K.L.:
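Dropping the structure in here first, questions after.
Basis for what follows: all heavy atoms, side chains included, without hydrogens, waters or symmetry-related copies. If you're wondering where the values come from, they're calculated on a predicted model, not measured in any experiment.
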Amino acid sequence: MTHYALIVAGGKGLRMGTELPKQFLPIGGRPVLMRTLEAFYACNPEIKIILVLPHSQQDFWLELCRKHCFNIPHRIADGGETRFHSVKNGLALVETPALVGVHDGVRPFVSSEVIERCYAEAQIRRAVVPCIGVVETVRHLQAAGGSVTVPRDEYRLVQTPQVFDAALLKEAYEQPYTPLFTDDASVVEAMGVPVVLTEGNRENIKITTPFDLKVASALLEK
């Protein structure tokens, strides 16, 4: 079955405090976004990569590709008003039957093992999300004020790629948008379809702050 990787990169770098969008910031001399695409291509050279970028950033991306001699095959779709709309635009380029993994453009350290496992399990279970356990104490803020400790074993931190049967995900994205859709799993679950969790890798961080950039540089050196 055909495998797609839909890489969503619509960040503006606000939390990073830079004029340059975070997906274009360099780690080890290469833009974050290039390293993310390389992770999927290295895992599966036959994967069809769709990069979703704001239209205003696409010329700059093509300039970066020329500068870095970046030639991994990929198609580009226009980013939308929200992540939901961006994913929907990218899905328009996906042909079924297929499996499609939606991945954050600023997660360059996803492991090949996680990518392979997510697609393999989605072949059977239709909707698979990687996650990792919570290692710190978690407190729940109460409406009346104050907070209470909750059992961290009952919670997971969600990562990407979130991998789905493509026809299922396309159908899910025909639903009207709501702010409650925070990721692809929440969109699919709104149709009553269960989502299966699988183990992610802790290095698969989302680079959104200057501290994350320091961690990314350290991981790259490692």
K.L.:
Hydrophobic clusters join Ile, Leu, Val, Met, Phe, Trp and Tyr when side-chain heavy atoms are under 4.5 Å apart, directly or via other members; which others share one with Val135?
P.N.:
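ILVMFWY cluster around Val135 holds nothing else.
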
K.L.:
If a pair satisfies ring-ring contact (aromatic ring centres under 6.0 Å, His included) and one of its residues is in residues 146-181, list it, with sequence neighbours excluded.
P.N.:
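Passing the test, one end in residues 146-181: Phe84-Tyr173, Phe84-Tyr177, Phe84-Phe181, His85-Tyr177.
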
K.L.:
Write down the atom of Ala9, the atom of Pro54, and the distance for their closest heavy-atom approach.
P.N.:
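Between these two residues, the closest heavy atoms are O-CD, 3.3 Å.
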
K.L.:
Enumerate the residue pairs fulfilling salt bridge (Lys or Arg N to Asp or Glu O under 4.0 Å) with a member in residues 182-202, sequence neighbours excluded, ordered by first and then second residue.
P.N.:
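Sorted pair list: Arg83-Asp184.
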
K.L.:
Tell me whether Leu93 shares a hydrophobic cluster with Ile47, the cluster being built from Ile, Leu, Val, Met, Phe, Trp, Tyr side chains joined at under 4.5 Å.
P.N.:
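The answer is no; the residues belong to distinct hydrophobic clusters.
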
K.L.:
Main chain of Leu33, side chain of Gln23: is a donor-acceptor contact present, judged purely on distance under 3.5 Å?
P.N.:
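No.
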
K.L.:
Check whether any side-chain N or O of Glu203 sits under 3.5 Å from a backbone N or O of Leu219 as a donor-acceptor pair, and report yes or no.
P.N.:
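Looks like no, no N/O pair under 3.5 Å.
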
K.L.:
State whether the side chain of Gln162 and the backbone N or O of His103 hold a donor-acceptor pair below 3.5 Å, judged by distance alone.
P.N.:
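Absent.
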
K.L.:
Using the test salt bridge (Lys or Arg N to Asp or Glu O under 4.0 Å), find all partners of Glu38 that sit at least two apart in sequence or belong to another chain.
P.N.:
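Only Arg30 meet the salt bridge (Lys or Arg N to Asp or Glu O under 4.0 Å) criterion with Glu38.
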
K.L.:
Would you check if the side chain of Lys170 reaches a backbone N or O of Leu91 as a donor-acceptor pair within less than 3.5 Å?
P.N.:
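Yes, the answer is positive, given that a donor and an acceptor are paired below the 3.5 Å cut-off.
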
K.L.:
Other than Leu180, what residues sit in its cluster of Ile, Leu, Val, Met, Phe, Trp and Tyr side chains whose heavy atoms are under 4.5 Å apart, directly or through others?
P.N.:
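Its cluster mates, by chain and number: none.
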
K.L.:
Not counting sequence neighbours, which residues clear ring-ring contact (aromatic ring centres under 6.0 Å, His included) with Tyr4? List them please.
P.N.:
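ring-ring contact (aromatic ring centres under 6.0 Å, His included) check on Tyr4 returns nothing, list empty.
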
K.L.:
Return each pair, listed once, that meets side chain to side chain donor-acceptor pair (under 3.5 Å) where at least one residue sits in residues 125-141; pairs must be two or more places apart or across chains.
P.N.:
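For residues 125-141: Arg139-Ser147, Arg139-Thr149.
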
K.L.:
Does Val196 sit in a hydrophobic cluster with other residues, and if so which ones, taking ILVMFWY side chains as linked at heavy-atom separations under 4.5 Å, directly or through other members?
P.N.:
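Under the 4.5 Å side-chain rule, Val196 groups with Val128.
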
K.L.:
Hey, are Asp165 and Gln123 close enough side-chain-wise for a donor-acceptor pair under 3.5 Å?
P.N.:
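Looking only at side-chain atoms, Asp165 and Gln123 do not form any donor-acceptor pair under 3.5 Å.
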
K.L.:
Restricting to side-chain contact (heavy atoms from CB on, under 4.5 Å), what partner residues turn up for Ala42, sequence neighbours left out?
P.N.:
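Listed in chain order: nothing, the list is empty.
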
K.L.:
Hey, what else clusters with Ile124 if you join Ile, Leu, Val, Met, Phe, Trp, Tyr whenever side-chain heavy atoms sit under 4.5 Å?
P.N.:
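Answer for Ile124: none, a lone residue.
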
K.L.:
Yes or no on side chain to side chain contact (heavy atoms under 4.5 Å, CB included) for Leu168 and Val188, after CA distance, side-chain angles and deciding distance?
P.N.:
CA-CA 8 Å; Leu168 169 65; Val188 169; 4.2 Å; yes

K.L.:
Take Phe109 and Thr36 through the test side chain to side chain contact (heavy atoms under 4.5 Å, CB included) and record every step on the way to the result.
P.N.:
CA-CA 7 Å; Phe109 297 111; Thr36 300; over 6 Å; no

K.L.:
Under a 3.5 Å distance rule, please check whether Arg35 uses its side chain to pair with a backbone N or O of Pro26 as donor and acceptor.
P.N.:
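Judged by distance alone, no pair lies under 3.5 Å.
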
K.L.:
Main chain of Thr160, side chain of Asn204: is a donor-acceptor contact present, judged purely on distance under 3.5 Å?
P.N.:
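Checked: pair present.
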
K.L.:
I'd like to know if the side chain of Asn44 pairs up with that of Glu46 as donor and acceptor (distance under 3.5 Å, no hydrogens or angles considered).
P.N.:
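Not at all, the side chains of Asn44 and Glu46 share no donor-acceptor pair under 3.5 Å.
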
K.L.:
Please report, to 0.1 Å, the donor-acceptor pairs under 3.5 Å made by any side chain of residues 67-76, with sequence neighbours excluded.
P.N.:
residue	atom	partner	partner atom	Å
His74	ND1	Ile72	O	2.8
His74	NE2	Trp61	NE1	3.0

K.L.:
Applying side chain to side chain donor-acceptor pair (under 3.5 Å) as the test, list every pair that has at least one member in residues 86-98; sequence neighbours left out.
P.N.:
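Counting only pairs at least two positions apart or across chains, no side chain to side chain donor-acceptor pair (under 3.5 Å) contact touches residues 86-98.
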
K.L.:
Would the distance check show the side chain of Gln175 and the main-chain N or O of Ala172 forming a donor-acceptor pair, the cut-off being under 3.5 Å?
P.N.:
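Yes; at least one donor-acceptor contact below 3.5 Å.
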
